[in-house]
Amino acid sequence: MAVGSIISRLFQGRRAQPMQEKYAPAEIERSAQLHWDTTGAARAVEDAGKPKYYCLSMFPYPSGKLHMGHVRNYTIGDVLSRFHAMQGYNVLQPMGWDAFGMPAENAALANNVPPAAWTYSNIDYMRAQLKSLGFAIDWEREFATCTPAYYRWEQWLFTRLYEKGLVYKKLGSVNWDPVDNTVLANEQVIDGRGWRSGALIEKREIPMYYMKITAYAEELLSELDNLPGWPEQVRLMQKNWIGKSTGVRFAFPLADGGDDKLWVFTTRADTVMGVTFVAVAAEHPLATRAALNNRELADFIETCKQGGVAEADIATMEKKGMATGIYVTHPLTGEAIEVWVGNYVLMSYGDGAVMGVPAHDERDFAFALKYRLPIRQVIAVAGEPAFSDETWADWYADKQRGRLIHSGKYDGLGCEAAVDAIAADLTARHLGEKKTQFRLRDWGISRQRYWGCPIPIIHCPTCGDVPVPDEQLPVVLPESVEITGAGSPLAKMPEFYECQCPRCGGDARRETDTMDTFFESSWYFLRYACPDNTAAMVDERVAYWCSGGIDQYIGGIEHAILHLLYSRFFTKLMRDVGLIGDLGEPFANLLTQGMVVAPTFYRDLEGEENRGKKQWINPADVDVVTDERGRPTGATLKADGLPVIIGGSEKMSKSKNNGVDPQALIDRYGADTARLFIMFAAPPDQSLEWSDAGVEGAYRFLRRLWKTTYDHVQAGLVATQAVPDSLSSAQADLRRKLHQTIGKVSDDYGRRKQFNTAIAAVMELLNAYDKSPLDDAAGRALAQETLESIALLLFPIVPHCAQALYAALKPGLDAGRQPFPKVDPAALKQDEIELMVQVNGKLRGAIRVAAEAERASIEAAALACDGAVKFMEGKPLKKLVVVPGRLVNIVV
RNA sequence: GCCCCGGUGGCGGAAUCGGUAGACGCAGCGGAUUCAAAAUCCGCCGCCGAAAGGUGUGCCAGUUCGAGUCUGGCCCGGGGCACCA
């Protein structure tokens with residue numbers, strides 16, 4: 001006898017007890033989870049005989065405990081996994097830990113716990129929480145990215161890419177805290193100051209390793225068109241991020257002779273004749289050269305380095321500049337053009353220099369007004385008011401209607417023709433050419449932090465940078481370490497960095513920077529296919545689970561650009577290194593879930609030193625006061641009964657003290673209620689408003705469903721199928737509703753991935769069931785059919801409860817192993833349908849007609865109905881619109 | 001600042017292809033049951049109006065027989081901006 005069969009008999013024996021009258025979630029959930037564990041229900045085994053369904057949720061950072069966003073994310077994944085398993089797919093739903101990252105170092109600073117110990121204990125706690133939610137996860141594939149068994153393979157890949165030139169070293173800007181002598185993350189820079197020291201932050205250039213993602217820019221862009229399963233908005237965001245633009249890269253020769261040239265890129269070469277200045281970044285070689293004997297300019301360049309490196313800060317700061325005294329020659333007119341240093345020009349974009357055309361670029365216009373630089377109009381649009389060099393008008397940048405003026409031989413040309421003509425002339429003078437440029441920059445992966453994957457490079461005074469040879473991998477991160485918040489801990493550990501050069505054997509120094517933690521999350525989804533392989537990064541099982549892409553990926557919208565782009569990049573890199581075949585895109589279907597938000601409450605703190613500061617109060621400690629219609633009129637603190645201020649809904653966070661701990665919810669109501677409410681409260685891609693009252697409603701529904709099923713079971717199970725012909729008209733209505741609901745729920749789970757409407761449909765069905773006469777034999781059979789179907793329809797969302805309900809209705813059977821209910825087309829037949837009647841687009845009545853009624857008879861019935869007669873007021877008929885199955889619109 | 005998304009009753013939301021706006025749930029109100037309460041069950045529930053009816057999907061225009069849905073402009077809220085993950 002097969003093991004599965006023995007277990008199922010044991011299960012049957014254990015389940016033979018009578019159904020409990022009351023819904024008891026704790027007991028039901030314990031028993032169902034034990035059953036799934038012992039039967040290996042969630043184990044995923046490669047099986048060429050079944051279509052595979054790889055359902056992946058973004059793995060969590062082990063921050064301590066689960067938050068509502070996790071519950072939401074993993075419930076969506078579990079619903080899709082369980083639904084597809086019932087549809088006959090071979091499902092893989094894995095889970096792991098994105099375990100490297102800054103919070104572990106912050107915790108070490110705050111609580112004096114080593115990052116490794118903190119991380120592993122968080123993982124243990126969160127794993128237990130995930131298990132208590134009953135997710136059908138194959139736990140045998142679990143891994144944490146902070147273990148050498150995982151990160152050794154990214155070190156290995158790094159050395160391969162280094163040898164291929166896909167990893168290289170160059171200078172990059174970081175936030176430097178001059179007091180703590182350390183590099184800060186963007187989030188650690190608050191209003192231009194270090195979060196701990198309060199020191200003014202400055203930009204500093206340090207050597208870093210870069211991944212050549214720009215070499216894949218074209219492919220990453222064009223492949224977006226092959227992702228019909230992605231939300232349009234995410235594809236658009238990625239497209240804009242990659243930012244392909246065609247333009248002209250050209251040079252201004254330096255006026256003081258020599259062969260030196262200043263290169264710029266522009267998408268508006270039609271305006272080159274309007275250039276009145278050129279601006280370079282503070283780090284540009286020309287700026288450095290000019291500052292050598294210009295004290296004032298040197299000081300200005302220093303001030304440009306104040307503040308952080310985040311693009312949002314740079315884009316919103318005041319635009320400032322200073323002349324360098326250096327002149328370049330206009331490549332077409334020969335005119336002398338002054339070079340300025342601008343704090344808004346970034347060295348990391350293109351050539352670190354931009355041409356200034358104040359008449360036709362809004363930013364240049366403001367800059368020229370501020371520094372009284374010449375403004376030369378070279379584009380005019382017929383019909384627009386005269387050009388003014390006092391105030392900006394959007395038509396100055398109009399590409400479609402503009403014609404060139406004051407541009408010599410180019411006068412009269414449109415934008416496109418002018419770009420072509422000017423590019424051709426620049427090319428003829430060997431001073432430029434048409435070029436495609438990307439906004440996307442190479443990915444800097446060096447981090448001056450401890451809790452990350454060590455970069456496997458050895459710096460040798462004679463051999464230079466040498467990748468760590470395979471036999472010396474992994475470079476293990478020491479787990480016993482002191483975190484001080486000042487400087488990189490690894491750089492203070494000679495036992496880590498002192499080493500021998502693998503090439504010459506001489507004394508050398510190991511790289512002490514670690515990798516960006518996006519590195520781990522860029523390939524973890526491939527490793528789930530073969531987590532036990534100790535001899536290779538990936539193996540042939542990737543081809544089984546990942547061919548055609550991962551079938552469903554689910555995660556927060558906040559990852560729409562970086563994580564998803566890096567993962568797409570890695571899949572192509574690993575293909576080109578020969579590790580995997582051509583999988584195409586890694587994620588065939590993407591669902592981006594919205595955030596979980598909750599109301600906020602606060603009191604203003606008293607005292608001069610606390611001016612403007614707020615004391616945030618947890619929603620659990622507040623009573624909301626409402627008027628007789630339920631409108632909130634105020635709120636009071638439970639502890640003292642005095643008022644607090646209502647602050648509106650915001651993303652659950654520690655800083656606003658508005659987090660709701662899912663554990664309290666699970667402890668009180670059970671996992672199924674938590675899952676049901678979180679899926680019912682909002683569509684998955686929209687933000688979700690937390691509400692305790694709504695949870696109560698979800699719990700009430702499960703209790704009611706339980707009681708309804710219990711009553712039916714008490715009255716005796718029915719083995720026979722409902723016979724359509726023997727049903728009364730009211731019973732036929734219920735059966736139609738049942739099969740409409742089956743169709744609706746299947747479509748919601750499968751195509752629409754919208755679960756709130758699926759739950760609402762089942763609630764409607766249960767309401768209809770309660771109102772239907774089901775006491776005769778035909779009704780009893782229909783009741784059995786309906787309740788069995790409801791248990792299976794809800795199984796993906798509330799699997800513990802549905803498992804128990806189904807077992808009570810079909811003793812010995814396992815809900816999760818049943819096929820998903822199918823629509824019986826015979827049940828959907830309807831003889832008569834209702835059509836709405838409008839007069840001039842306004843609803844005025846309704847008519848009932850035969851389902852197959854001819855247009856002529858529908859028209860006659862509509863014109864004859866009371867509402868139509870009344871509102872037509874005898875006016876002549878102008879037009880008659882009949883929308884089949886919907887409505888009739890009478891236009892008079 | 002730039003890119004993307006959203007805005008519908010007291011609240012969360014539904015309306016899937018331009019065709020009955022407010023399904024389903026929460027809150028509220030009225031009733032039944034109960035010694036009482038909890039739980040449960042029944043009914044009402046956008047706004048104005050006695051009713052007839054009018055009006056209503058952030059605001060202003062437009063397209064259409066018909067607009068929550070499409071177009072243009074604006075206001076407000078949220079996500080991302082390359083070292084939070």
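Residue numbers start from 1 in every chain, and the chains themselves are labelled A, B, ... in the order their sequence lines are given, proteins ahead of strands.
The phosphate of rA14(B) has OP1 or OP2 within less than 4.0 Å of a side-chain N or O from Gln754(A). Listed pair Lys842(A) / rU55(B) meets the phosphate criterion, a side-chain N or O lying under 4.0 Å from OP1 or OP2. For the pair Arg844(A) and rG54(B), the criterion of a side-chain N or O lying under 4.0 Å from OP1 or OP2 is met. At the phosphate of rA23(B), neither OP1 nor OP2 sits under 4.0 Å from any side-chain N or O atom of Asn767(A).
Comparing rA82(B), rC4(B), rA27(B) by their nearest atom to the side chain of Met237(A) picks out rC4(B). Closest contact between the side chain of Arg752(A) and the listed nucleotides rC24(B), rU16(B), rA82(B) involves rU16(B). The side chain of Leu236(A) sits closest to rC4(B) out of rC4(B), rC81(B), rG19(B). Side-chain proximity of Arg703(A) to rG25(B), rU40(B), rC65(B): nearest is rU40(B). Taking only side-chain atoms of Asn756(A), from C-beta outward, the nucleotide of rA15(B), rG13(B), rU20(B) with the closest atom is rG13(B). In this structure, of rA23(B), rA14(B), rU20(B), it is rU20(B) that holds the atom nearest to the side chain of Leu843(A). With rG53(B), rC84(B), rA82(B) as the candidates, the nucleotide lying closest to the side chain of Ala185(A) is rC84(B). Side-chain proximity of Met595(A) to rG78(B), rA23(B), rG1(B): nearest is rG78(B). Listed nucleotides: rU16(B), rA39(B), rG66(B). Nearest to the side chain of Arg751(A): rU16(B). Distance from the side chain of Arg700(A) is smallest to rU40(B) among rA82(B), rA14(B), rU40(B).
Using modelled atom types, one finds a donor on one side chain and an acceptor on the other under 3.5 Å when comparing Asp748(A) with Thr757(A).
The base of rU16(B) is paired with the side chain of Lys744(A) by a donor and an acceptor separated by under 3.5 Å. Between the side chain of Asn240(A) and the base of rC3(B) there is no donor-acceptor pair of N/O atoms closer than 3.5 Å.
rU69(B): no Watson-Crick or G-U partner with both key distances under 3.5 Å is found in any strand. With both pairing distances under 3.5 Å, rU57(B) is matched to nothing as a Watson-Crick or G-U wobble pair.
Atom CG of Leu705(A) and atom P of rG25(B) are 13 Å apart (whole Å). Lys239(A) has its NZ atom 13 Å from the C1' atom of rC4(B), to the nearest Å. We find that OH of Tyr349(A) is positioned 9 Å from C1' of rC2(B), with the value rounded to whole Å. In this structure, the CG atom of Leu564(A) is 17 Å from the P atom of rC4(B), given to the nearest Å. Across the protein-nucleic acid pair, Phe100(A) atom CZ and rA85(B) atom P stand 12 Å apart, rounded to whole Å. Atom-to-atom, OH of Tyr344(A) to C1' of rG1(B) comes out at 14 Å; the value is rounded to the nearest Å. As a whole-Å value, the separation of Glu105(A) CD from rC84(B) P is 13 Å. Spacing between atom CZ of Arg886(A) and atom P of rC17(B) amounts to 11 Å, rounded to whole angstrom units.
Contacts of His559(A) with the nucleic acid, taken as non-hydrogen atoms under 4.0 Å apart, include base atoms.
Closest-nucleotide positions on RNA chain B for Gln838(A) and Met763(A) were compared, and the one nearer the 5' end corresponds to Gln838(A). Between Lys879(A) and Gly444(A), the residue whose closest nucleotide on RNA chain B is further toward the 5' end is Lys879(A).
For an aromatic pair to be called close, the ring centres must be under 6.0 Å apart, and Phe680(A) with Phe701(A) fails this. For an aromatic pair to be called close, the ring centres must be under 6.0 Å apart, and Tyr669(A) with Phe677(A) fails this.
Taking 90° from 0 as the syn/anti boundary, the base of rG9(B) is oriented syn.
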Query raised in the report: Would Phe755(A) and Thr75(A) satisfy side chain to side chain contact (heavy atoms under 4.5 Å, CB included), going step by step from the backbone distance to the final call?
Result: CA-CA 11 Å; Phe755(A) 312 102; Thr75(A) 302; over 6 Å; no

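Relative orientation of the Tyr524(A) and His563(A) rings is tilted, given thresholds of 30° and 60° on the angle between their planes.
Here Leu490(A) contributes atom CG and Gln448(A) contributes atom CD; the two are 11.0 Å apart, rounded to the nearest 0.5 Å.
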